[in-house]
Engineer: 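Take a look at this one; I'll ask things after.
Remember, it's 1-based here, ligands and their atoms both numbered in the order they're listed. Both backbone and side-chain heavy atoms feed into the values below; hydrogens, waters and symmetry mates do not.
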Amino acid sequence: MSEQAIAQLIEKTEALQTGHFQLASGLHASRFFRCIKLLRYPQAAEIIFAEIAHRFANENIDYVLGANEAGSILAFEVAKHLGVEVAIACEKSGTYKLIEGFAFPVGARVLVVDDITTTGGTAKQLLAIARQASAEPVGVGLVATKGLFNIDLSCRTEVLISLQGMDAMSPENCTLCQQQIPLTT
Ligand SMILES: O=P(O)(O)OC[C@H]1O[C@H](OP(=O)(O)OP(=O)(O)O)[C@H](O)[C@@H]1O
Ligand SMILES: O=C(O)c1cc(=O)[nH]c(=O)[nH]1
C-alpha cells in the first residue's frame with residue numbers, strides 16, 4: 001500500500017485540519033492530524049491496520065500496545081491482524097500506565113502503535129511501560145509523523161506517511177497566539 005493511498009484516505013476523511021491547536025506536548029500548531037476522523041470508517045481504515053500488521057508480521061509479536069482514543073483502536077485492530085493480544089494504556093497526570101486488567105508476561109514481544117508522533121514523548125512512555133514489565137519492546141508502528149523532530153525510539157519504527165506542511169511552536173513563539181486566534185476546540 002502506497003503513501004499516496006493513505007494520503008487520499010486522509011484527504012477524503014478530512015483528518016488533516018487547519019486551525020490553532022494545543023498538542024499533547026504543550027506545543028501549538030496550525031495543522032493537526034485527527035486520526036479519529038479517518039477511523040470513523042473502519043472498512044476504509046482497514047488498509048492502515050493491515051499495513052502496520054504486515055510490516056511487523058515477521059517480528060513474532062506477542063502483544064500490541066496502544067493508548068488514548070485513536071491508539072487504542074489501532075492497537076485492537078492491528079492485534080486482530082497479527083492474531084495476538086492487545087494491551088491498552090491511559091494517561092493520568094502526565095504518566096501512561098496499563099489499564100487494569102492488561103499485563104505483559106516477562107519477555108513478551110511488544111509492538112507499540114500510535115496515530116502520530118510530534119515530540120515522541122508518548123511513544124517513549126509506551127515503550128517504557130513494556131520495559132518496566134521486563135517485556136521486550138520490538139517496534140513502533142505509526143500512521144503518520146509530522147517529520148519535524150529527529151526522533152530516535154531505539155527500536156524498529158515504521159511510519160506509513162510523513163505529513164507535509166506540519167508545524168509545532170512553543171506557546172511563547174506561537175504566531176497564532178500573537179494574532180490572538182483562539183484555540184480550536
Ligand atoms: O509525540 P508526542 O509529542 O507525544 O505527541 C503525539 C501524541 O499526542 C497525541 O495524543 P493525545 O494525548 O493528544 O491523545 P489522543 O490520541 O486522544 O488525541 C497523539 O495521539 C500521540 O499519542
Ligand atoms: O502532537 C500532538 O499531540 C498531535 C498532533 C497531531 O497532528 N495530531 C494529534 O492527534 N496529536
Engineer: Under 4.0 Å from any heavy atom of I116, which atoms of ligand 1 are there?
Structural biologist: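 Checking each atom against I116, I get 6 (C), 7 (C), 19 (C), 21 (C).
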Engineer: Tell me the protein heavy atom at minimum distance from atom 4 (O) of ligand 1, and give that distance in Å.
Structural biologist: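 Closest protein heavy atom to atom 4 (O) of ligand 1: T122 OG1, 2.6 Å.
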Engineer: Would you call the rings of F32 and F21 parallel, tilted or perpendicular, where under 30° means parallel and over 60° means perpendicular?
Structural biologist: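 Rings of F32 and F21: parallel, under 30°.
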Engineer: Could you list which atoms of ligand 1 come closer than 4.0 Å to a heavy atom of T119?
Structural biologist: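 So the answer, numbered in order with elements, is 1 (O), 2 (P), 3 (O), 4 (O).
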Engineer: Looking at atom 5 (O) of ligand 1, what's its closest protein heavy atom, distance included?
Structural biologist: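 Nearest neighbour among protein heavy atoms for atom 5 (O) of ligand 1, to 0.1 Å: T118 N, 3.8 Å.
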Engineer: Counting each atom of ligand 2 from 1 as listed, which ones have a heavy atom of A24 under 4.0 Å away?
Structural biologist: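 Contacts of ligand 2 toward A24, numbered from 1: 2 (C), 3 (O).
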Engineer: Got a protein heavy atom sitting under 4.0 Å from atom 18 (O) of ligand 1?
Structural biologist: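 Protein heavy atoms within 4.0 Å of atom 18 (O) of ligand 1 - there are none.
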Engineer: Decide whether E51 and H81 meet the rule of one side-chain donor and one side-chain acceptor closer than 3.5 Å.
Structural biologist: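 On atom types as modelled, these side chains do not qualify, holding no pair under 3.5 Å.
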Engineer: Specify the protein heavy atom at minimum distance from atom 8 (N) of ligand 2: its residue, its atom name, and the distance to 0.1 Å.
Structural biologist: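 Residue, atom and distance for the closest contact: F33 O, 2.8 Å.
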Engineer: So is T117 polar-close to ligand 1, meaning N/O to N/O under 3.5 Å?
Structural biologist: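 Not met; the criterion fails.
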Engineer: Does any N/O atom on E91 come nearer than 3.5 Å to any N/O atom on ligand 1?
Structural biologist: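 No.
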Engineer: Could you list the atoms of ligand 1 found under 4.0 angstrom from a heavy atom of D114?
Structural biologist: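 It comes down to these atoms of ligand 1: 20 (O), 21 (C), 22 (O).
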Engineer: For ligand 1, is any non-hydrogen atom under 4.0 Å from F33's backbone (N, CA, C, O), its side chain (CB onward), both, or neither?
Structural biologist: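 The answer is neither.
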Engineer: Can you find an N or O of G120 that's nearer than 3.5 Å to an N or O of ligand 1?
Structural biologist: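 Yes, at least one N or O pair falls under 3.5 Å.
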Engineer: Considering non-hydrogen atoms of the protein only, which is the closest contact for atom 9 (C) of ligand 2, and what is the distance?
Structural biologist: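 Minimum-distance protein heavy atom for atom 9 (C) of ligand 2 reads F32 CZ, 3.2 Å.
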Engineer: With a 4.0 Å heavy-atom cut-off (strictly under), which part of I116 contacts ligand 2: side chain, backbone, both or neither?
Structural biologist: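 For I116, the contact with ligand 2 is made by the side chain alone.
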Engineer: Test of understanding: given a 4.0 Å heavy-atom threshold, classify the contact between D115 and ligand 1 as side chain, backbone, both, or neither.
Structural biologist: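 The part of D115 near ligand 1 is the side chain, not the backbone.
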Engineer: Output the list of atoms in ligand 2 that are nearer than 4.0 Å to some heavy atom of M166, sorted by atom number.
Structural biologist: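 So the answer, numbered in order with elements, is 7 (O).
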Engineer: Considering only the protein, which heavy-atom contact is closest to atom 14 (O) of ligand 1, and what is its distance?
Structural biologist: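 Protein heavy atom with the smallest distance to atom 14 (O) of ligand 1: N68 ND2, 3.2 Å.
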Engineer: Is it the side chain (CB and beyond), the backbone, both or neither of K146 that lies under 4.0 Å from ligand 2, heavy atoms counted?
Structural biologist: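 The side chain, only.
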Engineer: Looking only at heavy atoms, what is the nearest atom pair of L126 and V113, with distance?
Structural biologist: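 Shortest heavy-atom separation between L126 and V113 comes out as CD1-O, 4.5 Å.
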Engineer: Using the rule side chain to side chain contact (heavy atoms under 4.5 Å, CB included), only one of V112, N60, I61 pairs with V138; which is it?
Structural biologist: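 Per the side chain to side chain contact (heavy atoms under 4.5 Å, CB included) rule, the option paired with V138 is I61, out of V112, N60, I61.
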Engineer: Please lay out, stage by stage, how D114 and T122 fare under the test side chain to side chain contact (heavy atoms under 4.5 Å, CB included).
Structural biologist: CA-CA 9 Å; D114 207 351; T122 304; 3.7 Å; yes
Engineer: Give the numbers and elements of all ligand 2 atoms closer than 4.0 Å to a heavy atom of T118.
Structural biologist: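 Every atom of ligand 2 under 4.0 Å from some heavy atom of T118: 1 (O), 2 (C), 4 (C), 5 (C).
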Engineer: I need the atoms of ligand 1 closer than 4.0 Å to a non-hydrogen atom of Y96, numbered in the order shown.
Structural biologist: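 The atoms of ligand 1 under 4.0 Å from a heavy atom of Y96 are 12 (O).
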Engineer: Give me the residue, atom name and distance of the protein heavy atom closest to atom 13 (O) of ligand 1.
Structural biologist: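 Ranking protein heavy atoms by distance from atom 13 (O) of ligand 1, first comes A24 CB, 3.8 Å.
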Engineer: So if I count the atoms of ligand 2 from 1 in the order they appear, which ones are less than 4.0 Å from some heavy atom of L23?
Structural biologist: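 This gives 1 (O), 2 (C), 3 (O), 4 (C), 5 (C) as the contact atoms.
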Engineer: Do NZ/NE/NH1/NH2 and the carboxylate oxygens of E136 and R109 come within less than 4.0 Å?
Structural biologist: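 Answer for the salt bridge query: yes.
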Engineer: State, to 0.1 Å, how close C174 and H20 come at their nearest heavy-atom pair, and which atoms those are.
Structural biologist: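 So the minimum-distance heavy-atom pair works out to SG-NE2, 3.5 Å.
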